[in-house]
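To keep things clear, I will list the structure first and then write my remarks on it.
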Amino acid sequence: IQMIWESSLSTEPNNDGSVRERYSYGPQNSDMLNPGKLVSLTDTGTDTDIDDKRSWDEGGKGVVVVNLTYQGFKDDDIIASGENVNAQLGTQSDPGQTNYAAVPNGLSGNANSNSGAGAVVEGGKPGTKIEDIRPSGVVAVGDGATGSVGTAPPPPCGTRLRC
């Protein structure tokens with residue numbers, strides 16, 4: 001499991017080398033004056049999704065990569081947490097309740113892509129705080145605002161949750 005700060009996170013590769021799961025988050029709308037909600041953007045073809053996928057394909061060049069497997073995280077736990085966060089945040093056409101803010105404060109119910117990725121990590125190993133695994137000297141605006149994201153039980157089946 002790897003986390004690329006300022007981007008997204010991904011589970012270990014399948015036998016063919018492809019990534020099992022990748023989680024990318026960002027604003028519902030491309031208009032930064034009206035960004036809407038924080039949503040899952042994985043496999044949407046948006047600029048965020050394309051940039052995040054490129055970071056993975058290039059091995060994290062130019063960004064900080066943290067191997068979470070060495071810190072006791074398990075793929076299945078990250079996948080379950082990622083599905084929970086995705087259900088909480090929703091999609092561009094069916095967003096959740098978390099407002100997007102480029103620079104969230106963590107107190108007013110808003111969050112950004114780093115908050116979303118951080119929530120997946122924290123949910124993947126309860127008791128973990130993103131600040132505890134962030135490398136020294138790395139500044140990732142919003143990754144500490146995970147309290148606004150993915151901490152409630154997922155919505156019921158048939159809404160945004162795949163069952």
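Because the structure is predicted, anything quoted here is derived from the model rather than measured.
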Discussion item. To the nearest 0.5 Å, what is the distance between CD1 on Ile78 and OG1 on Thr69?
Written reply: 9.0 Å

Worksheet item: Of the options Asp49, Thr91, Ile50, Val39, which is the one that meets Thr44 in a side chain to side chain contact (heavy atoms under 4.5 Å, CB included)?
Response: Asp49

Worksheet entry | side-chain contact (heavy atoms from CB on, under 4.5 Å) between Asn99 and Lys37, intermediate numbers included | CA-CA 4 Å; Asn99 292 319; Lys37 305 294 185 181; 2.7 Å; yes

Discussion item. For Thr46 and Gln92: C-alpha separation, side-chain torsions, deciding distance, then whether side-chain contact (heavy atoms from CB on, under 4.5 Å) applies.
Written reply: CA-CA 10 Å; Thr46 59; Gln92 288 175 296; 3.8 Å; yes

Discussion item. Tell me the closest heavy-atom pair linking Gly72 and Lys125, and the distance in Å.
Written reply: CA-NZ, 4.1 Å

Practice prompt. In plain terms, say whether Arg22 and Asp43 are close enough for a salt bridge, that is, a side-chain N and a carboxylate O under 4.0 Å apart.
Written response: yes

Practice prompt. Give the minimum heavy-atom separation between Ala111 and Leu38, together with the two atoms involved.
Written response: CB-CD2, 3.7 Å

Practice prompt. For Ile79 and Tyr23, work out which heavy atoms get closest and say how close.
Written response: CA-OH, 3.2 Å

Item to complete: Apply side-chain hydrogen bond (donor to acceptor under 3.5 Å, both in side chains) to the pair Asn86 and Tyr25, showing each step before the final yes or no.
Response: CA-CA 9 Å; Asn86 285 350; Tyr25 301 101; 2.8 Å; yes

Practice prompt. Would you confirm whether Asn29, through its side chain, and Asp31, through its main-chain N or O, come within 3.5 Å as a donor-acceptor pair?
Written response: no

Worksheet entry | Smallest separation among heavy atoms of Ile130 and Gly118, with atom names | CD1-CA, 3.8 Å

Discussion item. Just verifying a value: how many Å separate Leu41 CG and Ser113 OG, rounded to the nearest 0.5 Å?
Written reply: 9.0 Å

Discussion item. Side chains of Tyr100 and Asn112, heavy atoms from C-beta outward: is any pair under 4.5 Å?
Written reply: yes

Worksheet item: Below 4.0 angstrom, N of the basic side chain to O of the carboxylate: do Arg20 and Asp76 qualify?
Response: yes

Worksheet item: Would you say the side chains of Ser81 and Asn84 form a donor-acceptor pair under 3.5 Å?
Response: no

Discussion item. Using every non-hydrogen atom in the two residues, find where Gln28 and Gly36 come nearest and quote the distance to one decimal.
Written reply: OE1-CA, 3.7 Å

Discussion item. Which heavy atom of Leu68 sits nearest to which heavy atom of Val121, and what is that distance?
Written reply: CD1-CG2, 3.8 Å

Worksheet item: Judged by atom type as modelled, is there a donor-acceptor pair below 3.5 Å linking the side chain of Thr42 to the main-chain atoms of Ser24?
Response: yes

